Amino acid sequence: MKKLSAVQVKQQALVLNIADKLEAQAIAEIPGMLQCWFDVEYHLFPGSLLLCFQFENEQALAAANPDLLKWQKRLSAALMKKGVVLKNMRKHLIFTLKGPED
């Protein structure tokens, strides 16, 4: 794996910080939410950022789906505060049953 540049290390720290904050909020507010994980290619940041909220079962996922837009807006707002603009906020956060290893 290629070593991250100084800029990419800052991007990684920013994404980790925001993901941790959103994960804590989501676990407190959404029943059945297990964890938040993300995938990103730093050389294509922020366009390649994908945050995933993992749920324990289909029922929890279905119950949470109406709030998906609210969480996408929270991610966009959190990144905006740090100077990162998402062109299409709907592409960068999803609800899923899959884990990071799947």
Side-chain angles (χ1 to χ4, degrees):
M1 187 165 153
K2 190 174 166 186
K3 186 177 178 190
L4 296 177
S5 70
V7 170
Q8 291 170 332
V9 169
K10 287 180 183 177
Q11 291 170 342
Q12 183 181 42
L14 173 97
V15 172
L16 281 169
N17 183 305
I18 290 172
D20 286 344
K21 286 179 182 176
L22 285 178
E23 179 181 45
Q25 286 179 338
I27 288 174
E29 293 180 29
I30 306 173
M33 207 280 229
L34 295 176
Q35 67 176 342
C36 171
W37 54 276
F38 66 90
D39 184 36
V40 66
E41 294 179 37
Y42 293 104
H43 65 285
L44 298 174
F45 183 81
S48 66
L49 176 64
L50 178 61
L51 224 66
C52 300
F53 283 12
Q54 182 182 350
F55 289 85
E56 61 189 24
N57 57 42
E58 194 66 48
Q59 292 81 13
L61 179 63
N65 260 336
D67 288 335
L68 178 58
L69 181 59
K70 173 178 86 173
W71 288 96
Q72 289 169 333
K73 287 179 180 178
R74 285 185 183 183
L75 171 63
S76 182
L79 286 168
M80 182 71 77
K81 285 181 184 176
K82 300 293 185 182
V84 177
V85 178
L86 296 177
K87 289 184 181 175
N88 183 355
M89 69 179 176
R90 293 178 188 263
K91 292 184 352 182
H92 299 283
L93 191 145
I94 61 169
F95 289 173
T96 184
L97 294 174
K98 294 180 179 178
E101 305 83 29
D102 296 339

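Just so you know, residue 1 is the first one in the sequence shown, and it goes up from there. Treat the numbers as computed from the prediction; the structure is a model and nothing was measured.
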Are [X] and [Y] joined in one hydrophobic group, where the rule is that I, L, V, M, F, W and Y side chains link up if heavy atoms are under 4.5 Å apart?
X	Y	answer
Leu51	Val84	yes
Phe38	Leu4	yes
Leu50	Leu86	no
Ile27	Leu16	yes

Could you pull out all residues at least two apart from Phe53 that satisfy ring-ring contact (aromatic ring centres under 6.0 Å, His included)?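 Partners of Phe53 by the ring-ring contact (aromatic ring centres under 6.0 Å, His included) criterion, ordered by chain and then number, come out as Trp71, Phe95.
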Heavy-atom closest pair, residues [X] and [Y]:
X	Y	answer
Pro46	His92	O-CE1, 3.3 Å
Cys36	Ala19	SG-O, 4.0 Å
Pro31	Ala60	O-CB, 3.8 Å
Pro66	Ala62	CD-O, 3.5 Å
Val85	Met80	CG2-SD, 3.9 Å
Ala78	Ile18	O-CD1, 3.7 Å

Is the shortest side-chain heavy-atom distance between [X] and [Y] below 4.5 Å?
X	Y	answer
Leu49	Leu79	yes
Arg90	Leu69	yes
Tyr42	Val7	no
Lys98	Gln54	no
Ile30	Asp67	no

Among Ile, Leu, Val, Met, Phe, Trp and Tyr joined by side-chain contacts under 4.5 Å, find the other residues sharing a cluster with Trp37 and list them by chain and number.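 Its cluster partners, ordered by chain and number, are none at all.
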Gln8 side-chain N/O to Ser5 backbone N/O, donor-acceptor pair under 3.5 Å: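 Side chain of Gln8 to backbone of Ser5: a pair is present.
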Please determine which of Asp39, Leu97, Ile94, Leu93 meets the side-chain contact (heavy atoms from CB on, under 4.5 Å) test together with Cys52.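 Going through Asp39, Leu97, Ile94, Leu93 one by one, the side-chain contact (heavy atoms from CB on, under 4.5 Å) with Cys52 is satisfied by Ile94 alone.
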So which pairs with a foot in residues 17-37 pass salt bridge (charged side-chain N to carboxylate O under 4.0 Å, His left out), sequence neighbours left out?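 Passing the test, one end in residues 17-37: Glu29-Lys70, Glu29-Arg74.
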